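No experiment lies behind these values; they were computed from the predicted model shown. So you know, we letter chains A, B, ... as the sequences are listed, proteins then strands, and number each from 1.
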2 protein chains.
Amino acid sequence: MKTTRRPATLDDVARAAGVSRSTASRVIAGNGFASPIARERVHTAADRLGYVPNAAARALVRGAGVRLLVAVAGASAAVLDDGYVDQVVSSTAQVCARYGLGVAVEWVPLDEPDRLTRLTDDHGVAGLLLVNTTDVLLGLVPGRLRGRTVSIGIGSTTVPSVDIDNGGGTAAIVRHLYAAGRRRIAMVTGPRWLSCANRSVEAYRGLLRDAGLPAREVLGDFTATRGRAAAREVLRRWPDTDAIVGISDATALGVIGALRAEGVQVPGDVAVTGFDDIPLASATALTTASHPVRRIATAAATMVLEQRPEPGSTVFPSALVLRESA
Amino acid sequence: MKTTRRPATLDDVARAAGVSRSTASRVIAGNGFASPIARERVHTAADRLGYVPNAAARALVRGAGVRLLVAVAGASAAVLDDGYVDQVVSSTAQVCARYGLGVAVEWVPLDEPDRLTRLTDDHGVAGLLLVNTTDVLLGLVPGRLRGRTVSIGIGSTTVPSVDIDNGGGTAAIVRHLYAAGRRRIAMVTGPRWLSCANRSVEAYRGLLRDAGLPAREVLGDFTATRGRAAAREVLRRWPDTDAIVGISDATALGVIGALRAEGVQVPGDVAVTGFDDIPLASATALTTASHPVRRIATAAATMVLEQRPEPGSTVFPSALVLRESA
DNA sequence: GATTGTGGTGGCAGCGCTCCCAGGTGTGTG
DNA sequence: CACACACCTGGGAGCGCTGCCACCACAATC
């Protein structure tokens, strides 16, 4: 047993394997030539010594940085205290663990995009994950991080993205409502600056237009509070509405609360749908569309860490989840 | 504007300030002597150049590590995909961001505690946050990380901890049930190996003993599924039960589901309570006790990063949240 | 005037790693 | 048999930073 708690270094491994540090490095890092014999001996020695590469030293010499930054755009710092962001960060931290890296989260105020520049000037940043980002922010990604940046939810030509198929999910929902005989379908949308929200809205508009039905849109912001207010507005402007499509489950839950408070039956008088399939949705029997946040975040983080983001958008399908609210 | 994207180094700052690198280091790191004049000039130069210390280099020379490890003990890797762990990791990542560090999460299987040793042998680990840990695990924390380790939820003499006052929260719940006239109070407990769960159980036992009432305990595991089964067991063993205390909100929600399926009125026939006050609790009108996970995790992470964990336990109060289920 | 501080400073080694470069040893071609 | 061209290897520099050490100036003490 080793009595010294000093962790094994590459030198220790090289010595144990009877090769030079250079050769050991080549084998461990996996680039450059190395004979099968050398490879074998280095790996054996490394295993025996329980060798783990020193992330700091590696990052220093490679100029690579040592942590992945999750930058979340939003109106206030409160966006960070959110179940969605929690899942993104936590999944990312699981992936990072396998690479000897860590994750940090920071908020980028919508009205102060330069904050991103300051955050990425730190050469400790090995990669960038953009959440709820905007075109402005996308343009601010420094060259150093090009090829090490992935956006979640918002695509662009310069930065690859991983997305949920908001359009497809929303389309499935609207089609379901139509098939169930609903014809006066309203929607509580998301903030206009978020393109992923707009994809849902466009799917809704497209389907209604194809069916020759008018769109009934009220601006929302993903929250239940805003959903409540929006529901009342829908009722006031279009009293004959028989279905409300929520941009998110939280929105839909707010809508349902407001409707029931007004004595409107759900789904009897008005069907209500959400998006995301959060745990609360199954408990409240909300019809919604799935949103595999963990898988999306894991895919995005892996792209960044493997340093080969797939250009363009990688889109995960969203499945219709039928429950009682619609 | 700087055209080269190379970030400023300490050498650049020292040169701009007209001092040696040593002096600049002393000023920036804040230890050792430095004249007010030197201090002033270094800070000015650093600001002007937008200098950010290279976390990797600093960690390398200090032998300090570059990320905080959140180690979660549990039966399966699925413990990581959990809202509670998400919040801990995400809050920690917020704190870490301020220190130029990152977070990684790893699962430590209950039947393979040695995994922790392998994880902490990595000298990239700057600090350790133990979640749902056990005495065995607490004993496995290496000397190198002593003083840089905090446990969340489980205390010990060797490792400082940050806790929620499970005992106090549960006591408040049981007292409330008693005050409401409930006298045949059962409890669905947590796994025996988790001391934070046991604190709740002991508070429950103590209060019932003081009131001269018998305890009615069924083993649970924090999940809704187990809560459902446990509720049926309570009904079978003690059909006259008029209140069930759940170890968690998920447990309580399972209990309620099972009771209603059996035609038992909640809270009419049987009052049910939870613990944690998750979002679902307010939506389902569950009486519970608050559990400020974010504040707890932030406090724990700060202790680790400041390298001065308060010895013993730091306990956050848990407040009774009255709703309709009890 | 010689000694002992005491606050302030720069030189320099070295943390663990990667990668360039010079120099092997073998196999195929002119 | 000389040459080219593989493949493979070890030496060594150096990434950016900290902290030890030697040094210097100046004031206080003997």
Taking the side chain as everything from C-beta on, heavy atoms only, tell me whether [X] gets closer than 4.5 Å to [Y].
| X | Y | value |
| --- | --- | --- |
| A/P160 | A/T314 | no |
| A/W107 | B/Q94 | no |
| A/I154 | A/N132 | no |

Nearest-Å distance for atom pair [atom1]/[atom2], residues [X] and [N]:
| X | N | atom1 | atom2 | answer |
| --- | --- | --- | --- | --- |
| B/L10 | D/dG16 | CG | P | 11 Å |
| B/R58 | D/dC15 | CZ | P | 19 Å |
| B/Y51 | D/dT18 | OH | C1' | 10 Å |
| B/L60 | D/dG14 | CG | C1' | 12 Å |
| B/D11 | D/dC15 | CG | P | 9 Å |

Just checking [X]: base, sugar-phosphate only, or nothing, at a heavy-atom cut-off of under 4.0 Å?
| X | value |
| --- | --- |
| B/A59 | nothing |
| B/A38 | sugar-phosphate |
| B/A34 | sugar-phosphate |

Inset, instruction - Give the first and the last nucleotide of DNA chain C, reading 5' to 3', that has any atom under 4.0 Å from a heavy atom of chain B. - result: C/dG7 to C/dG16
Legend entry - Nearest listed nucleotide, side chain of A/F33, among D/dT18, D/dT9, D/dG16: D/dT9
Legend entry - salt_bridge(B/D12, B/R15) N-O dist < 4.0 Å: yes
Inset, instruction - Salt-bridge test for A/D122 and A/R67: reply yes if a basic N is under 4.0 Å from a carboxylate O, no otherwise. - result: yes
Legend entry - By salt bridge (charged side-chain N to carboxylate O under 4.0 Å, His left out) - contacts of A/D114 (at least two apart): none
Inset, instruction - First locate atom CD of B/E106, then atom CZ of A/R98, and finally report the distance between them rounded to the nearest 0.5 Å. - result: 8.5 Å
Legend entry - Test item: side-chain donor near acceptor, B/S151 and B/T133, under 3.5 Å: no
Legend entry - B/T23 and B/S20: side chain donor to acceptor below 3.5 Å: yes
Legend entry - With B/H291 via side-chain hydrogen bond (donor to acceptor under 3.5 Å, both in side chains) - residues at least two apart: B/D276
Inset, instruction - Under 4.0 Å from any atom of DNA chain C, heavy atoms only: list the residues of residues 19-27 of chain B that qualify, in numerical order. - result: B/V19, B/S20, B/R21, B/S22, B/T23, B/R26
Legend entry - the helix from C/dA2-D/dT29 to C/dG30-D/dC1: angle between end helix axes, five pairs per end, rounded to 10 degrees: 50°
Legend entry - Residue pairs passing the side chain to side chain donor-acceptor pair (under 3.5 Å) test where at least one lies in residues 70-79 of chain B, sequence neighbours excluded: none
